[in-house]
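Written below as structure tokens is the structure these notes are about.
Lettering of chains follows the sequences in order, A, B, ..., and the numbering in each one begins at 1. Here the structure is a predicted model, which is why all the values come from computation and not from measurement.
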Amino acid sequence: MAKVLTTKEENYSQWYNDIVNKADMAENSSVRGCMVIKPYGYAIWENMQHILDGMFKKTGHSNAYFPLFIPKSFFSKEASHVDGFAKECAVVTHYRLKNSPDGKGVIVDETAKLEEELIVRPTSETIIWNTYKNWIQSYRDLPLLINQWANVVRWEMRTRLFLRTAEFLWQEGHTAHATKEEAIEETQKMINVYSDFAENFLGIPVIIGTKSDSERFAGAIDTYCIEALMQDGKALQAGTSHFLGQNFAKAFDVKFTSKEGQLEYVWATSWGVSTRLIGALIMAHSDNNGLVLPPKIAPIQVVIVPIYKTDEEQIRVVNKGKELKEQLEKIGLTVKLDDRDTHKPGWKFAEYELKGIPVRIAIGPRDIENKTIEIARRDTLEKISISSENISDYVLNLLDEIQKNIFNKAKLFREKSTHRIDSYDEFKVAIENGGFFEAHWDGTAETEAKIKEETKATIRCIPLNTSNEEGFCMVTGKPSKKRVIFARAY
RNA sequence: CGGGGUAUAGCGCAGUUGGCUAGCGUAUCUGCUUUGGGAGCAGAGGGUCGCAGGUUCGAGUCCUGCUACCCCGACCA
């Protein structure tokens, strides 16, 4: 087979770029830092949206839409929030263009300056809480459980397709609650939804935890996150859920009258996942033959490739393919029959491997003679010939097995790459090979900064579901209540 | 914003001390043969050589300025 991909071993970043490109998911646009998501990549995003949206609805949330532009003054209302985003905001200053005097194109009309500049949203807390002020008066208005699917802009210095782009797509949930307990419960509920989604649909094992002070979302009291490990040993934050306390309620003066008749500030949460998950999906599972998609997220689950020589064979084989497609669609699968005569079977095999389609079925004249089909699975690249009778159940089981296998493989990799470590000297050496490191930390920002400075590793999270094993900070020797996860991160 | 690099066909690249009609691979189109792992042969189309100046009989090649992109740092979901 002709080599079209850089291998992971040769150059991991190039391998990633090659997959995005060859699987036809996205490309760089002529706008600096902004990508074009191509149909196949967008179809993956649509599947993610569909599944997540169902999960949000099931947990009582409704969708709404808030403006792309946010008045500059809104941003200064919550101090730490400004600090967090000020350095990466796109700002709209004018609202009109005019013809250039030299006749060459258009220029900004300086007379059309905005009274107040507008910020292209890097996230929507401010505009949303400004709006919630009008929506919330009484405890009867709570909880308010809203989600929006939107694009946001963060003016990044260096960008990579899906992982970090100036504009990206995401969903952001923004909820308002009467009590602190209820808001914390919501924050945790949503990080669990994300974890469920990542593990059971994307097949990516994640660690749920909270962020340290320095990694926390600008304006949050607590940031919960799910952290995943990529195949190069680097960590990737796959989703976050924030307990915002009353910070935004106070900044935007959102109060409600409680059952007891008291005027109180509202408690808030926000949570989001982005198109970055597509990057996670690629880096968690794919191999040197291309993308590997878990069946539950794959835009096409089964592809059928007819093989023939003569016109007569073509008709017979394609008809058989159509029959098979209908049969599989009847049990709810998404199936593509590639009956294009413009490409050869070998070309198609390679193509669908690059695109990560979980199951490929080939039917040729020999199969029709023998009443068989050839079935190949993408995760293991195994190919077997089976009877064409009753294949629905076989395919259904196979997809299920592939889904599980992809997850298990990723989980095994993570287990192999997770190390308990107590010596900072050993840590400095071991971090070079990547992976998660469970280590004791004294809880101070200074120690965290020192580690980051010296090793480029950061605290990915303080995991929730682990035992509170006491110990001593690997750097300072001061007491520590539990181990935290260190890694180099995307 | 610092340091380095690149800019020639859709994509990837070559182009010598300045030289005549700017080339190769791949992709595209046509035809024939092919089709169970990215087919072969024959032919065809496709270029303001990043932009603007300059030197020269002559510039893809030399000089000056600009712009864009890539890599490495600081910053980040």
> Counting side-chain heavy atoms from C-beta on, which of B:rC69, B:rA77, B:rU35 comes nearest to A:R32?
Replying inline: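 In terms of side-chain proximity for A:R32, the closest of B:rC69, B:rA77, B:rU35 is B:rC69.
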
Base, sugar-phosphate, or nothing: which does [X] touch, judged by heavy atoms less than 4.0 Å apart?
{"X": "A:T165", "answer": "base"}
{"X": "A:K383", "answer": "base"}
{"X": "A:D367", "answer": "base"}
{"X": "A:R160", "answer": "nothing"}
{"X": "A:Q237", "answer": "sugar-phosphate"}
{"X": "A:L169", "answer": "nothing"}
{"X": "A:L163", "answer": "base"}
{"X": "A:F168", "answer": "base"}

> Can you tell me how far P of B:rG36 sits from CD1 of A:I361, to the nearest Å?
Replying inline: 19 Å

> Rounded to the nearest Å, what distance is computed from the OH atom of residue A:Y490 to the P atom of nucleotide B:rC75?
Replying inline: 18 Å

>> Taking A:R460 first and then A:E215, would you say they form a salt bridge - that is, a charged N and a carboxylate O separated by under 4.0 Å?
In response: yes

> Got a salt bridge between A:K22 and A:E353, using NZ or NE/NH1/NH2 to carboxylate O under 4.0 Å?
Replying inline: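 A salt bridge is absent here (no side-chain N lies under 4.0 Å from a carboxylate O).
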
>> Under a 3.5 Å cutoff, is there a donor and acceptor pairing between the side chains of A:E10 and A:T7?
In response: yes

[N]: pairing nucleotide in any strand, Watson-Crick or G-U under 3.5 angstrom:
{"N": "B:rC1", "result": "B:rG73"}
{"N": "B:rC57", "result": "B:rG19"}
{"N": "B:rA42", "result": "B:rU30"}
{"N": "B:rA7", "result": "B:rU67"}

>> Assuming nearest nucleotide by heavy-atom distance, tell me which of A:K348 and A:A166 is located more 5' along RNA chain B.
In response: A:K348

>> I'd like to know whether the aromatic ring centres of A:F56 and A:W271 sit less than 6.0 Å apart in this structure.
In response: yes

> Under 6.0 Å between the ring centres of A:F217 and A:H81?
Replying inline: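 Centroid distance A:F217-A:H81: below 6.0 Å, so yes.
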
